[in-house]
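Notes for the one structure printed next.
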Protein chains: 4
Amino acid sequence: MTQRAIDTEDKAARRAAILRAARQLYVADGYQIPSVARIAADAGLAKGTVYLYFRTKEEIFVALLAEEFAGLIDDANAFFSGDFSPADLPGFIGRYVEYLDTHPELLRLDAMAYSVLEQNLPEAQLRMFKLELTHRLVEAGKRVDMALSLPAGRGTQLLMRTYALTRGLWQSLDYPPAMKAVLAAPEFAPIRPDFRTELLAALAEYWRGALTA
Amino acid sequence: MTQRAIDTEDKAARRAAILRAARQLYVADGYQIPSVARIAADAGLAKGTVYLYFRTKEEIFVALLAEEFAGLIDDANAFFSGDFSPADLPGFIGRYVEYLDTHPELLRLDAMAYSVLEQNLPEAQLRMFKLELTHRLVEAGKRVDMALSLPAGRGTQLLMRTYALTRGLWQSLDYPPAMKAVLAAPEFAPIRPDFRTELLAALAEYWRGALTA
Amino acid sequence: MTQRAIDTEDKAARRAAILRAARQLYVADGYQIPSVARIAADAGLAKGTVYLYFRTKEEIFVALLAEEFAGLIDDANAFFSGDFSPADLPGFIGRYVEYLDTHPELLRLDAMAYSVLEQNLPEAQLRMFKLELTHRLVEAGKRVDMALSLPAGRGTQLLMRTYALTRGLWQSLDYPPAMKAVLAAPEFAPIRPDFRTELLAALAEYWRGALTA
Amino acid sequence: MTQRAIDTEDKAARRAAILRAARQLYVADGYQIPSVARIAADAGLAKGTVYLYFRTKEEIFVALLAEEFAGLIDDANAFFSGDFSPADLPGFIGRYVEYLDTHPELLRLDAMAYSVLEQNLPEAQLRMFKLELTHRLVEAGKRVDMALSLPAGRGTQLLMRTYALTRGLWQSLDYPPAMKAVLAAPEFAPIRPDFRTELLAALAEYWRGALTA
DNA sequence: TATGAATGAGTTTTCATTCAT
DNA sequence: AATGAATGAAAACTCATTCAT
């Protein structure tokens, strides 16, 4: 990859390579943010080149998060696009959990977002990220409103609360690899239910409460 | 503070001074973990002295977290101690939210727990922390079981899910000071409801769904 | 050992306990100089107490070295005390090597002497150490002179050169435990003869040359 | 030195500058290993730059030692290269002592080798260092074998013992600058012969004994 | 005498970012 | 555009020594 990326397509490929390397290393390293040097090496680029595509390291990870969230919301959108009746709700929840299950880095990156990224990111970039996210979320909320005949804004609210429950449970139930063995001991059983099962149950309860008059 | 902490009481005071300094700096610094040097200076001690009371920096913050959680759970316990009828549930939720409101650093410290502490903390210390937490939680869960005539274990489950929703919402709705002005703009309204109001509403929905046959 | 050491005997016992602990830890730690805290703990004393017996940490190790050297020289003295004919020389060398073999910390402490102790030790203390050593050495040299009918001073010279060859070979042939496995590979054979064998051979050659007209 | 070392030659110059600074400071500091910060400053580089050329501080000093030894052995090789008769042996010893005399840091660095480097150096690096050293030594040994018609391996042995005697005498006779004045007193005369004279005499004795049937 | 609490100097290494080439 | 050499701030932790009790 010594050649120069002249046209837009090449540039997008470089950018994507950086993001891919960042994601892969983040996961491989046990969810420690990798150094720029490693990301660059993994993407087959020089360190300086990374800074032609992202102004700071945080920007890389924000872009990653944006991608992840976009994927999650798009998937929800797709579900609510077609015909939908309230009876399909369990199907939605199931698919949502399924999506999270097949995108394991999403919730891990997310846990980093609050405590690390938002603190160091220049305001303008955080603003952009949040704005895009809001747009997508509101858009998805509207579809929920329609699908379930809810008052305007209610869908967005439900989705936010759904995601809040999700991220909260994840952080309560996910542990670093080294801890897993330790927590397998029976005295920890109460705090070690399976994340997926727990999330399904909790979301079912929440939605039931939310949609009950 | 050239005086020496000889007896147990004085030592506890020193320990408390370190924790106080750590907590205060963490909040003042915009939720960045402060350096040991700053903690020591703030506590009026030399750097080395801090290491007489805590083996590592992480240990300081784990102790802080343990304190915070203990306070929260104790408060819940107190509520469920006396006579309690299911009709008092809104009162419980209200008090819970109130407690969080008067202990603003709790959720901020908590956000650090997953991403920072669990990665760096020696296994033995993390284990102790989790074990104590589990004990308290299970104990509180039992009281909930009794108060609401629930099957064994259900109370713990409800409390965990309640806290998950809480921490998830907090991370979605809390922003660094610098961002608050930016997000006051109307286009961000959907993602900027007041945390307290939002939490009350979301918990009401969750508990309603959870306790509904 | 909480009692106070009032009389001289008790004091000597304390001092000896410190030296014993220092020697033992030095050997146990793979020849790293242990911290004063560990020495104190191992000797059953408080840290501060160690400083009642030795002004600095270096002083402890110099005292240790002095003990070791005294033992070595005394042993040589004992050998040359009785009737002695030049034909007994191989016996002397054998006994000398034997002594080193049964006092494995001697040469290890010695290797530390030049590079560490002599640099940090206050002049007065180093002076005392060297003076005592010189006295013993000259005394032993005199016995050698007599035993072998050598001109005055020659025995001291021979002993110094003997020890020089010894310490030099030791440093060339001794390795940290971790390296021993590595150096067992055949390509290192030339630099890995057995120390004892090598020393015996080298000393035999040296003395032969030295006593040959 | 804001200029960048792009090509191999410039890089070698940087590396050399670091080594030069390290050597000079080691000697100037009274044979204490200097901090990386001081080495960098002395070499006109930033601290981080040093780590572009050496992975650890120990690596710097091992490189220094390797250079010194290579120089010494090469010099011996040069001597034994041409025609050589056993009668030239005093010439060899003289030249060897001469070389040490003109490279005063060699033996001082060497004293550091055993006690400091071998304890902290990663195994792989120590292995490489020892391997290179062994190769050079064996090579030189072979030349000695040929020159003196000795059985295979005997030359290497003689060289090792020669160096052992050298390093041992050095450590017995070299003192930190502060001590020199003190030891000038007449009572220390027996342990203060001139190193050079002493080494010449001792080596002559050793080689005489070694080559005598 | 004995203790052990307190001190704070001292050092290696990492790594995001810049900028000369 | 791309490179990668150079930078230097930043931070945790150790430990010999002191001295109040």
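Please read these numbers as outputs of a predicted model, since none were measured by experiment.
Annotation: the span from B:K130 atom NZ to B:R127 atom CZ amounts to 13.0 Å, rounded to 0.5 Å. Taking CZ of A:F61 as the start and CZ of A:R23 as the end, the distance is 10.5 Å to the nearest 0.5 Å. Rounding to the nearest 0.5 angstrom, the gap separating the CD1 atom in D:I33 from the CG atom in D:L25 is 12.0 Å.
A search for ring-ring contact (aromatic ring centres under 6.0 Å, His included) contacts involving D:Y53 returns nothing, not counting sequence neighbours. In this structure, C:R15 has no salt bridge (charged side-chain N to carboxylate O under 4.0 Å, His left out) partners at least two apart in sequence or on a different chain. The ring-ring contact (aromatic ring centres under 6.0 Å, His included) search around A:Y51 returns none, not counting sequence neighbours. Applying the side chain to side chain donor-acceptor pair (under 3.5 Å) test to B:R38 and every residue at least two apart in sequence or in another chain returns B:D29.
Checking D:E58 against D:Q125 by side-chain atom types alone, no donor-acceptor pair falls below 3.5 Å.
Map B:Y53 and C:V50 each onto its nearest nucleotide of DNA chain E; the residue landing nearer the 5' end is C:V50. Each of D:I6 and B:R55 was assigned the nucleotide of DNA chain F with the nearest heavy atom; the assignment lying further toward the 5' end belongs to D:I6. Mapping A:L52 and D:A5 onto DNA chain F by nearest heavy atom places A:L52 at the nucleotide closer to the 5' end.
With the 3.5 Å cutoff on both pairing distances, Watson-Crick and G-U pairs in DNA chain E assemble into runs of at least 3 at E:2-21 with F:2-21.
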Output a table of nitrogen or oxygen pairs between the protein and nucleotides 8-12 of chain E separated by less than 3.5 Å.
{"residue": "E:dG8", "atom": "N7", "partner": "B:G48", "partner atom": "N", "Å": "3.2"}
{"residue": "E:dG10", "atom": "O6", "partner": "B:K47", "partner atom": "NZ", "Å": "2.4"}
{"residue": "E:dT12", "atom": "OP1", "partner": "D:K57", "partner atom": "NZ", "Å": "2.3"}
{"residue": "E:dT12", "atom": "OP2", "partner": "D:V36", "partner atom": "N", "Å": "3.1"}

